[in-house]
Amino acid sequence: MAIANYTDLKTAVANWMARSDVSGEAGDFIMLAEARLNRELPAVETDVTLTGTIDSRRIDISAQNCVEPIALFLAETSADEVEIQRQADGTFPYLATSGRPTIWSVDGTNIDFDRPLDAAYPFRFRLRQKFGLSDSAPTNWLLTNHPDLYLASALIWGGVFIKDFGYAAPFSAALEDGIPSVRNIIAQSKRGTLRVDSALLAPRGFDFTTGLS
């Protein structure tokens with residue numbers, strides 16, 4: 001079966017172990033697997049789709065496991081994406097009248113806008129994200145691209161749970177083999193998305209009169 005989301009992964013763990021005494025434990029195995037994966041792998045830069053609530057200035061992002069917010073775009077299907085300006089929380093005026101947002105900030109586990117929304121706007125949120133599957137966050141970059149790593153990590157803890165370390169050994173070997181390659185993929189993607197200040201790219205001349213560049 002395909003492993004496309006959190007439910008699929010829990011089912012796969014149960015199927016691979018094929019033991020009645022681990023029924024209902026797959027969620028714990030996955031949580032423990034993620035603890036190691038988050039230690040071994042850097043946070044991944046990715047996009048998630050968010051939807052605003054009419055007459056609210058806030059979107060809850062607690063399920064996104066955000067390590068670092070990067071950018072937010074208004075992503076209406078009938079128009080080009082528009083990047084919304086980010087400012088530090090509390091440094092811009094909060095408007096009482098509902099409308100299209102023009103400024104955003106992150107306040108704890110929420111995105112705050114400069115005003116309540118006058119429509120349920122769709123947004124594309126760019127962030128660096130740690131791994132943490134749940135019913136409210138059923139998929140992420142690692143599960144989509146490397147489900148084998150997720151499954152192997154969880155099955156190691158399944159072997160520990162049943163006290164069969166021989167069962168866990170091949171999955172541990174697969175994890176040890178896979179982590180370096182995935183770490184390299186993440187590093188390559190970071191280098192591919194680095195932003196350079198345009199001022200640093202401007203040519204500089206040398207003034208022979210002053211000796212200054």
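In this structure the side chain of R126 never reaches within 4.5 angstrom of the side chain of V48, judged on heavy atoms. Side-chain contact between L155 and M17 is present, with heavy atoms from C-beta onward closer than 4.5 Å. The shortest distance between side-chain heavy atoms of S56 and F113 does not fall below 4.5 Å. Using a 4.5 Å cut-off on side-chain heavy atoms (C-beta onward), Y94 and R57 make contact. When side chains are defined from C-beta on, F165 does not count as touching S172, because their heavy atoms never get closer than 4.5 Å. Contact check for W157 versus F171: no side-chain heavy atoms found under the 4.5 Å cut-off. Counting only heavy atoms from C-beta outward, the side chains of S105 and Q87 never approach each other to under 4.5 Å. Put simply, the side chain of I59 does not reach to within 4.5 Å of the side chain of N110, judged on heavy atoms.
Taking all atoms of both residues into account, the shortest heavy-atom contact from I70 to L127 is CD1-C, 3.8 Å. Residue G52 comes nearest to F123 through the heavy atom pair N-CE1, 4.0 Å, listed as atom of the first residue, atom of the second, then distance. Residue A120 comes nearest to T51 through the heavy atom pair O-CG2, 3.9 Å, listed as atom of the first residue, atom of the second, then distance. Nearest heavy atom pair, residue T144 against residue T139, reads OG1-OG1, 3.3 Å. Across all non-hydrogen atoms, the minimal contact from A88 to T91 is O-OG1, 2.6 Å. Looking at every heavy atom in both residues, V67 comes nearest to A43 through CG2-CB, 4.0 Å.
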Inset, instruction - Decide yes or no on side chain to side chain contact (heavy atoms under 4.5 Å, CB included) for R115 and T97, but give the supporting numbers first. - result: CA-CA 7 Å; R115 65 194 312 157; T97 305; 3.8 Å; yes
Inset, instruction - Step by step, work out the side chain to side chain contact (heavy atoms under 4.5 Å, CB included) result for R19 and I162. - result: CA-CA 9 Å; R19 290 177 59 117; I162 63 175; 3.6 Å; yes
Inset, instruction - Could you walk me through whether T53 and L117 pass side chain to side chain contact (heavy atoms under 4.5 Å, CB included), step by step? - result: CA-CA 7 Å; T53 301; L117 305 181; 6.0 Å; no
Legend entry - Step-by-step side chain to side chain contact (heavy atoms under 4.5 Å, CB included) determination, V22 to F161: CA-CA 8 Å; V22 298; F161 182 84; 3.8 Å; yes
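Interatomic distance, CG of D107 versus CZ of R58, reported as 5.5 Å (0.5 Å rounding). With rounding to the nearest 0.5 angstrom, the CG atom of L133 is 9.0 Å from the CG atom of N5. Going from atom CD1 of I111 over to atom CG of D60 covers 10.0 Å, rounded to the nearest 0.5 Å. Atom CD1 of I3 and atom NZ of K10 lie 13.5 Å apart (nearest 0.5 Å). To the nearest 0.5 angstrom, E34 atom CD is 14.0 Å from R36 atom CZ. Rounding to the nearest 0.5 Å places OG of S153 at 9.5 Å from CD of E40.
With D177 contributing its side chain and A173 its backbone, the two residues share no donor-acceptor pair below 3.5 Å. With W104 contributing its side chain and I84 its backbone, the two residues share a donor-acceptor pair below 3.5 Å.
The 12-atom threshold is exceeded at CG of N15, counting heavy atoms of other residues, nucleotides or ligands nearer than 6.0 Å.
Using bins of under 30°, 30° to 60° and over 60° for the plane-to-plane angle, the ring pair W141/F131 lands in the parallel bin.
Linking Ile, Leu, Val, Met, Phe, Trp and Tyr whenever their side-chain heavy atoms come within less than 4.5 Å puts L50 and V106 in one cluster. In the hydrophobic cluster analysis, where Ile, Leu, Val, Met, Phe, Trp and Tyr join through side-chain heavy atoms closer than 4.5 angstrom, F73 is grouped apart from I61. A single hydrophobic cluster is not seen to contain both I103 and F125; linkage of ILVMFWY side chains at heavy-atom distances under 4.5 Å, directly or through other members, places them apart. Note on Y121 and I54: separate hydrophobic clusters, where clusters join Ile, Leu, Val, Met, Phe, Trp and Tyr whose side-chain heavy atoms are under 4.5 Å apart, directly or indirectly. Following chains of ILVMFWY side-chain contacts shorter than 4.5 Å, one cannot reach L95 starting from L72, and the two form parts of different hydrophobic clusters.
Sorted by first then second residue, the side-chain hydrogen bond (donor to acceptor under 3.5 Å, both in side chains) pairs that include residues 63-73, not counting sequence neighbours, are E68-R128.
Checking each of N145, D148, L142 against V182 for a side-chain contact (heavy atoms from CB on, under 4.5 Å) leaves exactly one that passes, namely L142.
Taking 4.0 Å as the cut-off between side-chain N and carboxylate O, R183 and E176 do not count as a salt-bridged pair. Under 4.0 Å is where a charged nitrogen must lie from a carboxylate oxygen, and between R100 and E76 at least one such pair does.
For F29 and Y150, the ring centers are positioned 6.0 Å apart or more.
For Y6, there are no ring pair (Phe, Tyr, Trp, His ring centres under 6.0 Å) partners at least two apart in sequence or on another chain.
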